[in-house]
Amino acid sequence: MAFRVLVTASACRLCRVGVASLSMLAPRVASAAILSRLDPTTTMLQRSLAQSQPIRMYASKKKGGKKGGKQSEEETEKRDPDEDPVDMDKMEKHMQVRLERLTSDLQALRVGRANPALLNSVRVQLKGGTASLTDIALVTVKDAHNLLVIPNTFGEHTLIDTSIRNAGLGLNPRLDKNAVIVPVPKTTKESRDKLIKSLGGMAEQTRVQIRKVRHDAMRQLKAAAKASMPKDEVRSWEKDIQTATDKYIAKAEELLKAKARDIEQA
C-alpha cells in the first residue's frame with residue numbers, strides 16, 4: 001500500500017516537472033513521448049492526457065472525384081442504340097408550323113379581291129380586353145370586292161368597325177345595321193409591284209426559320225454521334241434531315257409563286 005502511494009506521488013512530481021518543461025514545446029504529442037521516456041509509471045499519465053485531449057474527426061475524402069465526374073459524363077453520353085438520335089416527326093412538325101405561318105401571312109395580303117383571311121390579324125378592343133375578330137364575329141365574302149362581318153354579340157359592330165380602321169390594313173369599313181361591310185379596293189399596278197417585291201422578304205424569312213429547325217436537329221445528331229454512333233449512320237441521318245429541309249423550303253417557294261401569280265392577275 002505504501003509503495004503505491006509512493007509511486008503515485010512520484011508520478012505527480014514527474015507530471016509537474018514534465019508539464020513545466022514541455023510548456024515550451026508546441027505539439028502535445030512530443031510531451032507525451034518525453035514523459036514515456038522518463039519512467040514507465042508515466043503510462044497512466046499518458047492515458048489520462050490522451051483522454052483529456054479533444055478528438056477531432058475528419059471526413060474521409062472520396063477517391064477519384066474528377067475521374068468519377070468523367071465517368072458520369074460518359075454514362076450520360078451513352079445512347080440507346082434503339083433510340084433515334086433525332087425525332088424526325090417533331091422536326092417536320094416545327095417546319096410545318098413555319099409553313100402555315102407563311103400561308104396565313106400570304107392570305108392577309110390584299111390583292112383586290114375579297115378574302116376573309118385579310119382580317120385574321122385584326123384585334124378588337126372590348127371592355128374586358130382584346131380579342132381576335134374571328135373569335136367574336138363571322139367573316140364571310142359578300143361579293144367579289146366586299147367582306148361581311150357579323151358580330152356574335154349584338155352591339156359590338158361599332159367596336160369592330162373602329163378596330164378594322166385602326167388595323168393598318170388600308171381598309172375603310174362601313175356599318176350596315178348590326179353588321180360591318182368591308183370594301184376591298186382594287187389594286188393598281190404600283191401596289192401590285194410593291195406586293196410582289198414584299199414576297200421576297202417573306203420568302204427569305206421563312207427559309208431562315210426552316211433552316212433554324214434543321215440546325216437544331218443537326219445539333220442533336222452531333223451530340224448522338226459523340227456517343228460512338230457509326231459514321232455511316234450519321235451520314236444517313238444528315239441526308240434525311242437535309243431532304244426534309246429541302247422539301248419544306250420547296251413548298252414555301254411554291255406558295256410564294258402562286259401568290260405572285262394571284263397578285264399579277266388581280
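Computed from a prediction, not measured in an experiment: that's the story for all the values here.
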Inset, instruction - Quick one: do Leu195 and Lys259 satisfy side-chain contact (heavy atoms from CB on, under 4.5 Å)? Show the steps, please. - result: CA-CA 10 Å; Leu195 286 173; Lys259 190 62 176 181; over 6 Å; no
Legend entry - Pairwise distance CD(Gln96) to CD(Glu100) - rounded to 0.5 angstrom: 4.5 Å
Legend entry - Ile249 and Arg211, any side-chain heavy atoms less than 4.5 Å apart: yes
Legend entry - With sequence neighbours excluded, residues passing side chain to side chain donor-acceptor pair (under 3.5 Å) with Arg207: Glu204, Glu253
Legend entry - Those residues that, when tested against Ser104, pass side chain to side chain donor-acceptor pair (under 3.5 Å) (two or more places apart): none
Inset, instruction - Report the C-alpha separation of Arg98 and Lys212 in whole Å, then their side-chain angles, then the decisive distance to 0.1 Å, and conclude whether the side-chain contact (heavy atoms from CB on, under 4.5 Å) test is met. - result: CA-CA 11 Å; Arg98 272 64 175 180; Lys212 185 179 183 300; 5.7 Å; no
Inset, instruction - Drop me the distance from Met229's CE to Lys222's NZ, to the nearest 0.5 angstrom. - result: 14.5 Å
Legend entry - Considering all heavy atoms, the nearest Pro183-Pro173 contact: CD-CA, 4.1 Å
Legend entry - Nearest heavy atoms of Pro151 and Ala137, plus distance in Å: CA-CB, 3.8 Å
Inset, instruction - May I have all residue pairs that pass side-chain hydrogen bond (donor to acceptor under 3.5 Å, both in side chains) and include part of residues 138-150, sequence neighbours excluded? - result: Asp143-Asn146
Legend entry - Qualifying salt bridge (Lys or Arg N to Asp or Glu O under 4.0 Å) pairs with a residue from residues 118-128, counting only residues at least two apart or across chains: none
Inset, instruction - Give, for atom CD1 of Ile210 and atom OG1 of Thr245, the distance between the pair rounded to the nearest 0.5 Å. - result: 8.0 Å
Inset, instruction - Name all residues meeting the salt bridge (Lys or Arg N to Asp or Glu O under 4.0 Å) criterion together with Asp161; count only those two or more places apart in sequence or in a different chain, and write none if there are none. - result: Arg165
Legend entry - Transitive ILVMFWY cluster of Val97, excluding itself - 4.5 Å side-chain cut-off: none
With a 3.5 Å cut-off and sequence neighbours excluded, list the donor-acceptor pairs that the side chains of residues 234-244 form with protein atoms.
from: Gln242; atom 1: OE1; to: Arg214; atom 2: NH1; distance (Å): 2.9
from: Gln242; atom 1: NE2; to: Asp246; atom 2: OD1; distance (Å): 2.8
from: Thr243; atom 1: OG1; to: Lys239; atom 2: O; distance (Å): 2.8

Inset, instruction - Determine which pairs satisfy side-chain hydrogen bond (donor to acceptor under 3.5 Å, both in side chains) with at least one residue from residues 168-185, sequence neighbours left out, and list them in order. - result: His157-Asn178
Inset, instruction - Taking the side chain as every heavy atom from C-beta outward, state whether Met95 and Lys251 have any pair of such atoms under 4.5 Å apart. - result: no
Inset, instruction - Kindly write out the residues that satisfy side chain to side chain donor-acceptor pair (under 3.5 Å) with Lys247, not counting sequence neighbours, or none if the list is empty. - result: Glu92
Inset, instruction - With sequence neighbours left out, write down each residue that passes salt bridge (Lys or Arg N to Asp or Glu O under 4.0 Å) with Lys189, or none if nothing qualifies. - result: Asp193
Inset, instruction - Evaluate side-chain contact (heavy atoms from CB on, under 4.5 Å) for Leu255 paired with Thr103, printing each intermediate quantity in order. - result: CA-CA 7 Å; Leu255 289 173; Thr103 302; 3.3 Å; yes
Legend entry - With sequence neighbours excluded, residues passing side chain to side chain donor-acceptor pair (under 3.5 Å) with Thr162: none
Inset, instruction - Hydrophobic side-chain clustering at under 4.5 Å (ILVMFWY, transitive links): who's grouped with Val180? Put none if nobody. - result: Leu118, Leu119, Val122, Val124, Leu126, Leu133, Ile136, Val139, Val141, Leu147, Val149, Leu159, Ile160, Ile164, Leu169, Leu171, Leu175, Val182, Val184
Inset, instruction - Would you please test Leu199 and Ile263 for side-chain contact (heavy atoms from CB on, under 4.5 Å) and show each step? - result: CA-CA 11 Å; Leu199 294 179; Ile263 294 173; 4.1 Å; yes
